Protein chains: 2
Amino acid sequence: MADQAQPILTRIQQKNRDLILEGALTVFSESGFRGATVDQIARAAGLSKPNVLYYFGSKDDIHKTLLTTLLDMWLAPMVRIDPAGEPLDEVLGYVRAKLEMSRRFPRESRLFAYEILQGAPHLTEILGGSLRGIVDTAAATLQGWMDQGRLTPMDPRHLIFSIWALTQHYADFDVQIRAVLGPGHDAFDEAERFLENLYRKLLEA
Amino acid sequence: MADQAQPILTRIQQKNRDLILEGALTVFSESGFRGATVDQIARAAGLSKPNVLYYFGSKDDIHKTLLTTLLDMWLAPMVRIDPAGEPLDEVLGYVRAKLEMSRRFPRESRLFAYEILQGAPHLTEILGGSLRGIVDTAAATLQGWMDQGRLTPMDPRHLIFSIWALTQHYADFDVQIRAVLGPGHDAFDEAERFLENLYRKLLEA
DNA sequence: CCTGATCCTGACCGTTTGGTCAACAACCGA
DNA sequence: TCGGTTGTTGACCAAACGGTCAGGATCAGG
């Protein structure tokens, strides 16, 4: 998890690697790993295909770099749950933060969704390792609050799953939601109110 | 939506088409459309590649057939919500039915998840058409119950979204859930209790 | 048992794809 | 300005892919 000692990158390396990762994020999140082609990534990045492969050895390399780079950011809100805070505020804050991530970073959400759907070939060790640790910590915090009677008792891990499911759904299934709601709806605005209400009801001791 | 007048199929056609669709469901649900190959489907079905393409003109054809065939089954539980029933029972019944579908038909769930993630290229007209109609009907039923004070008022469409998200999550993100929970957990059993509790709390007027 | 329709497959084809490479261009410190 | 490092690309390759086809095997009705 700790950043390796990065080799110093030249200005050009920095810029082009960023362009590639940015383009690849768009392409991978639209088509999945197999559906994306190096050519598409190159076009999205504004570079030639060989040039893309000059900076990253392979398509797989780009994908793996994206996943591991973005995982920390993706999990950050859960780590910020504060055991010293007010239980309801902390959980509602987490829900809000997670929904905000779905709103602002739908590509990242879809990237992870594809990876998990596929069986998480690039994330297996992380899933059972640091992710599990982070969830365990958060679950312990929640369980503590429940034991103190400050939160309605329930399975804390499934509470976390529910937050993931409900917030990421709005990014990952965006097409479906827009089709069902029709025009003139801001699904995320509505979701924010709906989820705030849901978790308030669910959690108030 | 109504079944076309099917040409009569021979015994062999019936059997082999079923074998192909069954194998394709497995392969597509594991790898997505682009990730799946006709060869894999053929192997999963126990047939040769040309033979698969003898029964279905193209890979696309198999995929489209699967999606449209399974969509009715997938949406069936929502259609069964009975406006004359007891509101809480009806919703909890729907939740239970939907979770049971995730448990018993995870491949179908993933098939649809891939399709929606991809932007639903094969389902766009259905999404904005019959699906929307079905959701509108169910939403109207829910809204009616809320207006009568028999259900806590909330946005009925987002209530439906929440049920989709929470139940399908256990099929689609199964790998992640198993990694986080570790061995010795039946995620679906736990989810059944958790969701029953969640929706009971949320909906009791 | 015959015969036409159905079923099946090895060999093949054109395209797409990830990746390589030699050669050239741009950069940059000395 | 020079020289080596870094950056860039057109042309190319082998493998994988979706799909075709001619011809042979099998089936089912008469």
Side-chain angles (χ1 to χ4, degrees), chain A residues 5-68 111 114-115 118-119 121-122, chain B residues 6-67 111 114-115 118-119 121-122:
Chain A
Q6 303 260 355
I8 297 114
L9 299 179
T10 68
R11 185 176 43 87
I12 297 177
Q13 280 167 346
Q14 188 60 253
K15 189 192 66 176
N16 283 350
R17 287 181 63 99
D18 286 353
L19 282 175
I20 292 167
L21 290 175
E22 167 66 23
L25 176 56
T26 297
V27 176
F28 281 137
S29 70
E30 283 171 356
S31 314
F33 179 76
R34 286 289 306 263
T37 72
V38 180
D39 250 323
Q40 288 176 319
I41 295 172
R43 222 173 302 133
L47 300 173
S48 69
K49 185 172 77 161
N51 206 12
V52 166
L53 291 168
Y54 171 75
Y55 288 102
F56 292 88
S58 67
K59 178 183 168 186
D60 221 88
D61 194 3
I62 305 175
H63 192 242
K64 200 179 287 189
T65 303
L66 262 184
L67 279 175
T68 53
L111 182 79
Y114 270 119
E115 178 67 8
Q118 192 118 15
H122 287 155
Chain B
Q6 303 260 354
I8 297 115
L9 298 179
T10 69
R11 185 177 43 87
I12 298 179
Q13 280 167 346
Q14 189 58 254
K15 189 191 68 178
N16 283 352
R17 286 181 64 99
D18 286 354
L19 282 174
I20 292 166
L21 290 176
E22 167 66 23
L25 176 57
T26 297
V27 175
F28 282 136
S29 71
E30 282 171 358
S31 313
F33 180 77
R34 286 289 307 263
T37 72
V38 179
D39 250 322
Q40 289 177 320
I41 295 172
R43 222 172 303 132
L47 301 173
S48 69
K49 184 171 78 160
N51 206 12
V52 166
L53 291 167
Y54 170 75
Y55 287 102
F56 291 87
S58 68
K59 179 183 169 186
D60 220 88
D61 195 4
I62 304 174
H63 192 241
K64 201 178 287 191
T65 302
L66 263 185
L67 279 176
L111 182 78
Y114 269 119
E115 178 67 7
Q118 193 118 15
H122 286 155

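Scope of the values below: all heavy atoms of this structure, side chains included, with no hydrogens, waters or symmetry mates. The sequence lines fix the lettering, A, B, ..., with proteins before strands; numbering per chain opens at 1. Bear in mind the structure is a predicted one, so any value in this text is a computation, not a measurement.
In this structure, A:R17 atom CZ and D:dG7 atom P are separated by 11 Å, rounded to whole Å. Atoms CG (B:L53) and P (D:dA22) sit 16 Å apart, rounded to a whole Å. When rounded to the nearest whole Å, the span between CD1 of A:I62 and C1' of C:dG19 equals 12 Å. We find that CG of A:L47 is positioned 11 Å from C1' of D:dG7, with the value rounded to whole Å. Between the CD atom of A:Q40 and the C1' atom of C:dT16 there is a distance of 11 Å, given to the nearest Å. As rounded to whole Å, 11 Å separates atom C1' of C:dC7 from atom NZ of B:K15. Atom CG of B:D61 and atom P of D:dG19 are 9 Å apart (whole Å). The CG-P distance, from B:D39 to C:dT9, rounds to 13 Å in whole Å.
A:A42 comes within 4.0 angstrom of nothing in the nucleic acid, heavy atoms only. In this structure, A:D60 reaches neither bases nor backbone, as no heavy-atom distance under 4.0 Å exists between it and the strands shown.
Of all nucleotides listed (D:dT8, C:dA11, D:dG19), D:dG19 comes nearest to the side chain of B:S58. In this structure, the nucleotide among C:dT9, D:dG18, D:dG7 sitting nearest to the side chain of B:K59 is D:dG18. For B:P50, whose side chain is taken as the heavy atoms from C-beta onward, the closest listed nucleotide among D:dG18, D:dG10, D:dT20 is D:dT20.
One N or O on the side chain of B:Q40 and one on the backbone of B:T37 form a donor-acceptor pair closer than 3.5 Å.
Phosphate contact (OP1/OP2 of C:dC7, side-chain N/O of B:Y54, threshold under 4.0 Å): present. Between C:dC8 and B:N16, a contact under 4.0 Å exists linking OP1 or OP2 to a side-chain N or O.
Between A:F28 and A:Y114, the distance from one ring center to the other does not fall under 6.0 angstrom.
Test B:L21, B:L53, B:L25 against B:I62 for side-chain contact (heavy atoms from CB on, under 4.5 Å) and you get one pass: B:L21.
Nearer to the 5' terminus of DNA chain D, by closest-nucleotide assignment, is the contact made by A:Y55 (compared with the other of A:K49 and A:Y55). With the nearest nucleotide of DNA chain D identified for both B:G57 and A:N51, A:N51 has the one nearer the 5' end. Both B:R34 and B:Q13 sit near DNA chain C, but only B:Q13 has its closest nucleotide nearer the 5' end.
Between A:D39 and A:R43 there is a side-chain heavy-atom pair separated by less than 4.5 Å.
Taking the side chain to side chain donor-acceptor pair (under 3.5 Å) definition, one finds that A:Y55 meets it with A:N16, sequence neighbours left out.
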